[in-house]
Amino acid sequence: MPSQPVRSVRRTVRVAAPAHVVYGMLADAPRWPVLLPSYVHVERMDFDGARETLLAWEFQGGRVCSSRLRRTLRPQAHRVDFEQDDPAWPGDTVAGSWSVEPDGAGRSLVTLWQQTPNAPANAPANAPAGPDGLDADAAGRLARLREAAERWDRLDELLLAFEERMRIEGPAELVYDFLYRVEDWPELLPHVDGSSVREDRPGTQVVVLDTGAAGAGFTAGPDDGAAGFETVRLCFPHAGRIVFKETAPPAPLTAHSGEWSLVPDESGLTVVCAHRVLLGEESLEAALGAGALPVDARRQVRERLGRESRQTLLLAKWHAESPVRRLRQGRGGSGR
């Protein structure tokens, strides 16, 4: 049989960051959602120190796409080899490599090479269409990596990670149900004025929440104060997890991702809401006023998101514990 024709592209960009920094960002895939805009979540399935398997979810063109990556990390050569495929379409595999070379003091040359078979007529909608599509995909990925890497010397003050947690004496199923049914939040949560939910596949939600953020110190964006923010949520009920990422967060945030996780014990559970935030230097003054510094934004973001998380946790606690209290009262009234 004749071999299947392939598409191939190789692109290189200069990056104002040291080679070891750029390679570190490529190697640390679980951190991509807060550094690279298209990634919603990356889950490491196995890792032996050199080879790993990842499940990755990206939001592109208004749709959530998942893929499986098999990668070999070569830290001495500053190179990552990979194969990427869509679990729903195993024939559409992209093979390639990232390589990083020093380019003088504090600079790098980053090359992305990708190769994939020509897409059949019934290929999935997210498959790059033809050589131009593959080239545009490579160019976009390199541009996003460069933008993230060139902040390398300021990431310590721009990155913020924190969590809120609450002990709940009630069934985990009721807590998860409350967190999952985000369409009910406007009637229950004071910081949510409205919501719309699109669930193209079970457990994959695209949510628009109206949180009144423009009136609370966050800048809503170009829509003259509109406060509807889009969030992608991946729901894993059997694991008691809901992963989320805002697709275009309000200033001064550049990225905001996180996770709700339920940790059961003998008499109830602990619910944890973890946040990971990347601040945008260029939007600090516009959002917070003249002379604003990252430390000011860190304090306000921590305060705001922490307060909203605690409000949600308190309502989840009430939702789960109320039936338990009624059951206990009923048993007490019957003499048992």
Side-chain angles (χ1 to χ4, degrees), residues 33-34 37-41 57-65 163-164 166 168 170 172-237 239-262 271-277 287 300-301 303-320 322:
V34 79
S38 66
Y39 283 94
V40 176
H41 181 56
W57 287 262
E58 293 186 78
F59 188 66
Q60 297 178 311
R63 298 184 58 189
V64 180
C65 308
E163 62 183 37
E164 298 288 342
M166 186 166 292
I168 297 178
E173 294 81 5
L174 289 180
V175 176
Y176 189 88
D177 178 72
F178 175 84
L179 295 174
Y180 178 80
R181 295 177 62 83
V182 67
E183 66 272 16
D184 296 338
W185 285 9
E187 299 175 6
L188 301 170
L189 292 168
H191 67 272
V192 179
D193 298 329
S195 71
S196 66
V197 182
R198 190 181 87 236
E199 193 161 347
D200 296 331
R201 292 180 301 196
T204 301
Q205 300 176 330
V206 179
V207 178
V208 177
L209 290 180
D210 180 352
T211 62
F218 282 37
T219 301
D223 294 331
D224 196 27
F229 298 108
E230 186 178 64
T231 300
V232 175
R233 306 203 324 161
L234 306 175
C235 306
F236 306 99
R241 302 170 63 204
I242 297 177
V243 175
F244 61 86
K245 179 173 178 176
E246 288 191 76
T247 61
L253 282 62
T254 290
H256 175 209
S257 65
E259 178 177 338
W260 295 94
S261 55
L262 281 57
V271 185
V272 181
C273 184
H275 295 270
R276 294 178 293 276
V277 168
Q300 188 189 76
V301 168
E303 214 171 86
R304 160 88 190 234
L305 295 179
R307 181 175 66 252
E308 293 180 354
S309 297
R310 290 191 298 275
Q311 289 174 344
T312 306
L313 287 166
L314 282 169
L315 265 295
K317 180 180 177 72
W318 175 86
H319 183 74
S322 293

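None of these values were measured; they are calculated from a predicted model.
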Side chain of T204, backbone of D200: donor and acceptor closer than 3.5 Å?
no
side-chain contact (heavy atoms from CB on, under 4.5 Å) between R181 and E183, intermediate numbers included:
CA-CA 5 Å; R181 295 177 62 83; E183 66 272 16; 4.0 Å; yes
Any side-chain donor near an acceptor of the partner, S38 and Q60, under 3.5 Å
no
Can you see which heavy atom on V182 is nearest to which on R233, and at what distance?
CB-NH2, 3.8 Å
Closest heavy-atom pair, A248 versus F229, reported as atoms and distance to 0.1 Å, is O-CD2, 4.0 Å
For a side-chain contact (heavy atoms from CB on, under 4.5 Å) check, start with the C-alpha distance between H319 and L188, then their side-chain angles and the critical distance, and finish with the verdict.
CA-CA 10 Å; H319 183 74; L188 301 170; over 6 Å; no
State the CD1-CG distance between I168 and L262, to the nearest 0.5 angstrom.
7.5 Å
Can you check whether Y180 and W185 have ring centres sitting under 6.0 Å from each other?
no
If you define the side chain from C-beta out and look only at heavy atoms, does anything of V243 sit under 4.5 Å from F236?
yes
Among residues two or more places apart or on two chains, list those pairs meeting salt bridge (charged side-chain N to carboxylate O under 4.0 Å, His left out) that have a residue in residues 243-259.
R241-E259
Rounded at 0.5 Å granularity, tell me how far CD1 in I242 sits from SG in C235.
4.5 Å
Heavy-atom pair with the smallest gap, counting every atom of S309 and C273:
OG-SG, 3.6 Å
With side-chain contact (heavy atoms from CB on, under 4.5 Å) as the test, would you mind laying out the steps for L315 and L189 before giving the verdict?
CA-CA 7 Å; L315 265 295; L189 292 168; 3.9 Å; yes
For a 4.5 angstrom cut-off between non-hydrogen side-chain atoms, does V64 reach L234?
yes
Residues two or more places apart in sequence or in another chain: which of them pass ring pair (Phe, Tyr, Trp, His ring centres under 6.0 Å) with Y39?
W32
So S196 and V207, do their side chains get closer than 4.5 Å, heavy atoms only?
no
If you round to the nearest 0.5 Å, how far is CD of E163 from CG of L305?
14.0 Å
Hey, mind stepping through V277 and V34 against side-chain contact (heavy atoms from CB on, under 4.5 Å) and telling me if it holds?
CA-CA 7 Å; V277 168; V34 79; 5.7 Å; no
If we only count heavy atoms from C-beta on, is the T247 to V232 side-chain gap below 4.5 Å?
yes
Within this structure, what is the NZ-CG distance for the pair K317 and L174, rounded to the nearest 0.5 Å?
13.5 Å
So V197 and V206, do their side chains get closer than 4.5 Å, heavy atoms only?
no
Tell me the closest heavy-atom pair linking V175 and A320, and the distance in Å.
CG2-CB, 3.5 Å
Measure the CH2-CG distance between W260 and L313 for me, rounded to the nearest 0.5 Å.
4.5 Å
Nearest heavy atoms of Q311 and H191, plus distance in Å
OE1-ND1, 2.7 Å
Residues in ring pair (Phe, Tyr, Trp, His ring centres under 6.0 Å) contact with H256, at least two apart in sequence or another chain
F244, H275
CZ on F178 to OG1 on T312, rounded to 0.5 Å
6.5 Å
